[in-house]
Amino acid sequence: MEEAGAPHFPFPYQPYPIQEQFMQALYGALEHGKVGIFESPTGTGKSLSLICGALSWLRDHEEKRRQEADRLLQGDGGTSLSISSSLSTTTSSTPPSSSAEPDWITDFVQKKAERDFVSKLKVDEELRRKKREEHLEMIRNNSQLKYALKRKSCEDDEAVKLLQLSKDPQEGELNNPEEELIVAEYESDDESKTKNNVFQFDNIMTPLSQLDSRTHSQLAQFVHEVQKSPFSQDISLVPLGSRQNMCVNEEVRRLGSVQRINDRCMEMQKNKHDQRPKEVEGGKRKRGAPKAVCPYVGAQGLQTLRDTVLGAVRDIEQLLSLARETRSCPYYATRLAIPPAQLVVLPYQTVLHEGTRRASGVQLKGQVLIIDEAHNLSDVLSCIHSSELTGAQLCRAHSQLAQYSERYRSRLKAKNLMYIKQILFVVEGLVRVLGGKCKVGQNPHMTFPSLCLPVTELLTINNFLFKAQIDNINLFKVTTTTTRSQPQHTAIGTEIGEGIDGFYGYCQQPDTGKHTHTLGMSPSAEERELAASPMMQVEGFFMALTNANTDGRVVLHTQGNVAVSSMKFLLLNPAVHFSQVLKDCRAVIIAGGTMQPVSDFKQELLFSAGVGAERIIEFSCGHVIPPENILPIVLCSGPSGQELEFTFQNRDTPHMMEETGRVLSNLCNVVPGGVVCFFPSYDYSRRILENWDASGVLARLSSKKKIFQEPKKANQVEKVLNEFSRTIQRCAVDAGTLSGALLFSVVGGKMSEGINFSDDLGRCIVMVGMPYPNIKSPELKEKMAYLDKNLPHSGGRSPGQALIENLCMKAVNQSIGRAIRHREDYACIVLCDRRYSRPATLAKLPDWIRAHTHTHTSFGPAFASLRRVIHTHLRRNSSSYERKG
């Protein structure tokens, strides 16, 4: 029976008790503006719990705001209290006056503020409510087409500003295709205080719930869960994606790489609005040569598609089909739909990278952010904000800049020439660090003599700047020069970076005779990559160098010539970029199926970002499966008594490899269906399989299971999985000599995350060894040193050593969590390494696995318990089939 005043959670079916607890904890975290760490094992309905809990809170929050506005508009006695609480947020940041004011002045000011507040509510709140209700009702009644056709022509400016319209060309310029490549005079922020005029929508549905995940496939799964929820008819959901995923123009999609698609898209939008004729002398109109424009971008079409997006919940695939039918661009239409939406679903990088977030029009101030699949959030933040440049890219960038400057020297403003020279100076310094010299027009494929043998060097940011002799350059201003991103809905402005890209594209046109491919031959992948302008990568590296000296390192890899040498910025402190997200958002929910170990996660990402312990809440629940449906085993020795400890020193010995083969052979003899075996690395997987092939182990295994291996190419994963599944299904029906299939995979590989081995696909998961990262990696050694210096030591271990253990166990938890996917599922998990039996290591397993884990020092008892569990479930399943028959 529900308590009075307790929140009500609509659910598509009777929720499990742990789902009720999850939603209650989530509701409380959102209500009180907390940072929540939520762990719910895969198969427990985590996505539905997130959806129903968060949207229930949003529903109640909007209702409370509506009731509050009604009370204020009616002039209830609670007006003063409500206004005081509302006004307190705006006055709390104002410093108190140095001299105390008389009471009558204070009262007068307060009453005037109350009257102004009520007046503002009457105008704003009522209009917003009516606008929202009328607009959504109109959309859901399929009247959006009529609505779009009735829009006034002035609303075209919304799409015009969204699509980065360029300024009208000056008189007489339309006949010269190079005129648009001339950069307008640039003024840095401290030289000009001009404001950017960017269209802004009324945000009539706040606070916005924003959910982000790692991949587009995971986001699609989440949208499907929303469609199954009770909120599917009432929620306005907008899915965001990259141009690569959302472009419906086949000509652009064929370009392949993300950068080339982005560049071509922005060029076509600019061309669309450059084709208006201009008057020249004599009153005649002239038009320049026709340019390619995108037929899917039009103000009316975008507005129609935007309304359609808001009217029903659709995933990206459904949205793409609709966009092709209506010939409208879903990439820009979804960005138009962000402000009036209630739920925005978007990938990690869009919300965690400030520049991408600003360019996409995503606002976090006062919003709710839910980050799903966040077990490796720290690594994702570090990866997003790291940057790498090759010597070939630097040489091409220098060549393009130098040619651009030389060609348009007489037509560029003096300030722009100065900034281009600064960029050239910085690029020359970076090339010198790699041991080369820059010359105008030199071929990036050429090799350049290097001053040193192949070596890796690690430098602080300041030492790198000193070595490159660019420490006297203001990189903040240089970065602003290369890209002037608008606050909303734009990527790169028409500044120096875009001017260089446009010039490079112009030089590559066939009629220029430069950089053309062999007649009749399509460019290779390498040629397409070289054909892309490197200015975006250069800009990203410049931005990375503006980080604080203590927050990152620069790794130099010199390999005998400049073209193949590289420099990489490594972010050591991801909290510095996550802190603004935590500060802006009303509440942040970090959710995952396996969030252990949480303590180090909090220390590195939350406490270091300035979040107090009082703002953090944790929730972890068990699994919905009964205890007898899971059997985790730590196996310390094999059938012949050989101790299983896959350390670097003894994992390659023939005895260890053969003992592992005997363990797997015994398991395949009794486990029906699918067995998935994870190795710690691709290299070890190759070596042990070669040993088994020579010793006959693979032949014995193939007599019981058909053998599959994780493919080398990502686009082959689905094919292998489908064949793996079909083999298991055939074996279950045929009852022949084969009892199923055996899949060899790698921890952290293509099949260790995001793939479900439910039911017969994964009756046994075998983990061979412990997948520790390469501690000899310079990047990892520097990260360990940084943590040891900046984080507190605890439990007799250094933060750097804890990082190594955490990276290992996070990878293990992700891999073994692939098996149990629903309440009726069952599986055995075999951890083949005696080191798993250490208490500190066991503590890093998820609670629902650790509680049932058994450690066996000898193989016999372990094998007997596994066989007993398998036979119990086989008898239970056969009995249920007989009853159904």
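By convention here, the first residue in the shown sequence is residue 1. The model shown is predicted, which means the values in this text are computed figures rather than measured ones.
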Distance col, row Leu430:CG vs Phe542:CZ, nearest 0.5 angstrom, shows 6.0 Å

Does Arg357 reach the main-chain N or O of Val351 with its side chain, forming a donor-acceptor pair under 3.5 Å? yes

Indicate yes or no: at least one non-hydrogen side-chain atom of Leu556 is less than 4.5 angstrom from one of Thr456. no

Decide whether a cation-pi geometry holds between Arg335 and Tyr331; the criteria are a distance under 6.0 Å from NZ or CZ to the six-membered ring centre and an angle within 45° of the ring axis. yes

Smallest heavy-atom separation, Ser386 atom then Leu571 atom, equals OG-N, 3.5 Å

Would you please test Arg850 and Lys844 for side-chain contact (heavy atoms from CB on, under 4.5 Å) and show each step? CA-CA 8 Å; Arg850 183 177 65 248; Lys844 296 182 186 298; over 6 Å; no

Write down the atom of Ile617, the atom of Ala29, and the distance for their closest heavy-atom approach. CD1-CB, 3.4 Å

Are Tyr684 and Phe646 packed together at the side-chain level, in the sense that at least one heavy-atom pair is separated by less than 4.5 angstrom? yes

A side-chain contact here means heavy atoms from C-beta on lying under 4.5 Å apart; do Pro574 and Ser608 qualify? no

Quick one: does Ser579's side chain have a donor or acceptor within less than 3.5 Å of a partner on Val576's backbone? yes

Quick check: closest heavy atoms across Lys46 and Gly593, and the distance to 0.1 Å? CE-N, 3.8 Å

Check Met767 against Ile816 and note the closest heavy-atom contact, atom names and distance. CE-CG2, 4.0 Å

Donor + acceptor pair across side chains of Ser382, Asp379 (<3.5 Å): no

Answer yes or no: is there a side-chain heavy-atom contact under 4.5 Å between Ile616 and Lys602? yes

Whether the side chain of Asn561 engages the backbone of Val564 through a donor-acceptor N/O pair (distance < 3.5 Å, no angle test) should be reported. yes

Which residues pass the side-chain contact (heavy atoms from CB on, under 4.5 Å) test with Met784, not counting sequence neighbours? Leu780, Leu803, Ile804

Tell me whether the count of non-hydrogen atoms from other residues, nucleotides or ligands lying under 6.0 Å of CD in Gln716 goes above 12. yes

Give, for atom NE2 of His793 and atom CG of Asp788, the distance between the pair rounded to the nearest 0.5 Å. 5.0 Å

Looking only at non-hydrogen atoms, find the nearest pair between Gly769 and Asp833 and report the distance. CA-OD2, 3.6 Å

So, do Phe541 and Phe569 have ring centers that fall under 6.0 Å from each other? no

Would a distance-only check, ignoring hydrogens and angles, find a side-chain to backbone donor-acceptor pair under 3.5 Å from Asp551 to Asn547? no

Decide yes or no on side-chain hydrogen bond (donor to acceptor under 3.5 Å, both in side chains) for Ser777 and Asn774, but give the supporting numbers first. CA-CA 6 Å; Ser777 162; Asn774 180 14; 5.6 Å; no

Are any non-hydrogen side-chain atoms of Ile590 and Leu606 less than 4.5 angstrom apart? yes

Does atom CD of Glu354 have more than 12 heavy-atom neighbours, drawn from other residues, nucleotides or ligands, at distances under 6.0 Å? no

Just wondering, do Val554 and Leu570 contact through their side chains at under 4.5 Å, heavy atoms? no

Trace of the salt bridge (charged side-chain N to carboxylate O under 4.0 Å, His left out) decision for Glu618 with Lys34: CA-CA 10 Å; Glu618 297 178 39; Lys34 300 291 187 179; over 6 Å; no

How long is the span from the CZ atom in Arg432 to the CG atom in Leu394, to the nearest 0.5 Å? 12.0 Å

For His385 and His353, take the angle between the two ring planes, folded into 0 to 90°, and tell me which bin it lands in: parallel under 30, tilted 30 to 60, perpendicular over 60. parallel

Cut-off 3.5 Å, side chains only: do Gln349 and Thr356 have a donor facing an acceptor? no

Test item: side-chain donor near acceptor, Ser378 and Glu604, under 3.5 Å: yes

Ser566 side chain to His557 side chain, donor-acceptor N/O pair below 3.5 angstrom: no

Salt bridge flag under 4.0 Å for residues Asp263 and Arg260: no

Minimum side-chain heavy-atom gap Leu807-Tyr772 below 4.5 Å: no

Under 3.5 Å donor-acceptor, Asn806 side chain and Ala802 backbone: yes

Is a side-chain donor-acceptor pair under 3.5 Å present for Asn813 with His375? no

Taking every non-hydrogen atom, the tightest pair across Ser47 and Asp372: OG-OD2, 4.2 Å

Test log, rule side-chain contact (heavy atoms from CB on, under 4.5 Å), inputs Trp848 and Thr44: CA-CA 11 Å; Trp848 65 279; Thr44 57; over 6 Å; no

How long is the gap from OG on Ser387 to CG on Leu545, to the nearest 0.5 Å? 8.0 Å

Identified side chain to side chain contact (heavy atoms under 4.5 Å, CB included) counterpart of Pro771 within the set Ser815, Pro680, Ser681: Pro680

Between Ser620 and Glu39, is there a side-chain donor-acceptor contact under 3.5 Å, judged purely by atom types and distance? yes

Do Arg586 side-chain atoms and Gly33 backbone N/O form a donor-acceptor pair below 3.5 Å? no

Tell me, with the steps shown, if Leu377 and Leu605 meet side-chain contact (heavy atoms from CB on, under 4.5 Å). CA-CA 9 Å; Leu377 180 59; Leu605 211 53; 3.7 Å; yes

Would Lys810 and Glu805 count as a salt bridge (charged side-chain N to carboxylate O under 4.0 Å, His left out) if you check the C-alpha gap in whole Å, the side-chain angles of each, and the deciding distance to 0.1 Å? CA-CA 9 Å; Lys810 282 181 180 179; Glu805 296 173 2; over 6 Å; no

Below 4.5 Å, heavy atoms only, C-beta onward: do Met567 and Thr390 meet side chain to side chain? no

Distance from Glu373 atom CD to Thr594 atom OG1, nearest 0.5 Å? 8.0 Å

dist Ile371:CD1 -> Leu352:CG (nearest 0.5 Å) comes out at 5.5 Å

Are the side chain of Arg651 and the backbone of Phe648 linked by a donor-acceptor contact shorter than 3.5 Å? no

